[in-house]
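A short worksheet on the structure shown next.
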Amino acid sequence: MILNVYEQKKPFYLYTGRGPSSEAMHMGHLIPFIFTKWLQDTFDVPLVIQLTDDEKFLWKDLTLEQTNHLAFENAKDIIACGFDVEKTFIFSDLDFLTNSPAFYRTICRIQKLVTYNQVKGIFGFTDSDSIGKISFPAIQAAPSFSCMFPEIFNGRSDIPCLIPCAIDQDPYFRMTRDVAPRMGCLKPALIHSTFFPALQGAQTKMSASDPNSSIFVTDTDEEIKDKINKYAFSGGGATVEEHKTKGGNCEVDVSYQYLTFFMEDDQRLEEIRMAYTSGELMTGSLKKELIDILQKMVGEHRQRREAVTDEVVRQFMKPRKLKYDYPAL
Ligand code: TRP
């Protein structure tokens, strides 16, 4: 379907987002954005990024001022992924909702079509959840419809939307796809990034409050090296002897798993997989490969992040026409 759109140069736009609940962003948070940046470059289409400061106010023990500030700070890390200011609109719900009639109207149209019974089934809300939480899904659904952005799309309501996101956001968009035809709108298409494990292994969770569970964009070269060496779960043998005879297990080895995300050279990755599986490549050398790549990536991110001033963020957050070249329009 995407290739078809690509070949025919049919218009579409990208929509993704982030819930700003903490200043600390780790590599797991960046993956959907790195992927989105690739999509934007490859298809040359406009992108909207929703920062749900309202959501995090409703769900977490944070004030409106705090989540709104976090949205602004997180926007800097998102911008540092390399998005094109001419093709990207980033908005905070708290800010944009107060000056966009089209946003609130789209929300109302969605709210009218979803019952309490439905959101209870989809999100597991109970009688003690606040009504803020219960109505929030309509706010995350709205940017899936181009009519929400008259500034960008000249009031066109028929531009299809592609949403790159992590699998945990799927319930929002199953709800969105369900209401779309009844609103006379197009269903958004979804593309999910694969699961990015915590350093301790696939069964454990990455947490912004546990610095050892992942690599953060603020980590120094030294911290990256120490964390990978100390905490990255190894699928290697318990001893050198055992590793050499039995080989390593790439399926559970977190360093190898991370390389599948960050190593650009697929052929080199396959060589590493074979050498590690046969026991020829030691865990220390595998980790070294990853440490080098991560130090470079995080270092470059740090430099780009420093260049993102408040003024740059304000440019991305200004509602405006974006640059796109749709032959059909
Ligand atoms: N709810 C998401 C989160 O907590 C943020 C979000 C809003 C989002 N809109 C989105 C994520 C669209 C992916 C796609 O992170």
Side-chain angles (χ1 to χ4, degrees), residues 12-40 45-62 66-68 70-75 77-78 81 83 88-97 100 103 106-107 110 119 122-125 129-130 132-146 148-149 152 160-177 179-180 186-196 205-209 214 217 316-317:
F12 72 98
Y13 71 102
L14 295 162
Y15 160 41
T16 191
R18 153 146 182 103
S21 56
S22 135
E23 195 143 343
M25 283 182 74
H26 53 60
M27 293 311 288
H29 292 132
L30 284 195
I31 288 189
F33 290 104
I34 295 169
F35 180 47
T36 302
K37 149 95 176 130
W38 181 86
L39 288 166
Q40 178 178 64
V45 287
L47 159 69
V48 296
I49 301 176
Q50 179 179 48
L51 302 173
T52 52
D53 38 11
D54 53 349
E55 174 190 18
K56 294 304 160 186
F57 166 72
L58 292 166
W59 260 267
K60 305 269 168 175
D61 189 15
L62 293 166
Q66 284 168 329
T67 59
N68 189 237
L70 288 170
F72 201 82
E73 288 305 310
N74 287 176
D77 279 303
I78 294 170
C81 291
F83 293 107
T88 309
F89 174 47
I90 303 179
F91 60 99
S92 119
D93 283 344
L94 292 174
D95 295 335
F96 194 45
L97 246 166
S100 166
F103 192 1
T106 309
I107 291 167
I110 298 162
V119 287
I122 298 171
F123 299 96
F125 293 135
D129 277 306
S130 72
K133 287 188 184 180
I134 291 153
S135 58
F136 173 76
I139 302 177
Q140 180 155 334
S144 314
F145 304 122
S146 66
M148 190 188 120
F149 303 103
I152 302 176
C161 174
L162 175 65
I163 307 172
C165 65
I167 189 74
D168 60 333
Q169 301 301 306
D170 200 52
Y172 289 103
F173 301 114
R174 278 191 286 130
M175 186 197 85
T176 311
R177 287 172 55 83
V179 298
L186 294 166
K187 290 183 181 188
L190 276 278
I191 185 160
H192 295 128
S193 34
T194 52
F195 181 72
F196 186 73
K205 231 180 110 43
M206 269 184 305
S207 154
S209 56
S214 190
V217 296
F316 274 89
M317 296 187 110

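Whatever order the structure lists ligands and atoms in, that order sets their numbers, starting from 1. All values reported here derive from a predicted model rather than from experimental measurement.
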For atom 4 (O) of ligand 1, find the nearest protein heavy atom and state the residue, atom name and distance (0.1 Å precision). E55 OE1, 3.4 Å
Using a 3.5 Å cut-off on N or O atoms only, is Q169 in polar contact with ligand 1? yes
In this structure, atom 3 (C) of ligand 1 is nearest to the protein heavy atom G19 N, 3.4 Å
Residue part near ligand 1, for R18, under 4.0 Å between non-hydrogen atoms: backbone
At less than 4.0 angstrom from any non-hydrogen atom of K56, what atoms of ligand 1 do you find? 4 (O)
If you scan protein heavy atoms around atom 13 (C) of ligand 1, the nearest is C165 CB, 3.4 Å
CD-CZ distance between Q50 and R18, expressed to the nearest 0.5 angstrom: 13.0 Å
With respect to T16, determine whether any N or O atom, backbone or side chain, lies less than 3.5 Å from an N or O atom of ligand 1. no
Distance col, row Y13:OH vs I163:CD1, nearest 0.5 angstrom, shows 7.5 Å
What part of F136, side chain, backbone, both or neither, has a heavy atom within less than 4.0 angstrom of ligand 1? neither
What's the shortest distance from atom 11 (C) of ligand 1 to any protein heavy atom, and which residue and atom give it? G17 O, 3.4 Å
Taking 4.0 Å as the limit for heavy-atom contacts, which would you say applies to T52 with ligand 1: side chain only, backbone only, both, or neither? side chain
Does the gap between the ring centers of Y15 and F149 come in under 6.0 Å? no
Counting distance only, does the side-chain N/O of D53 pair as donor-acceptor with the main-chain N or O of L94 below 3.5 Å? yes
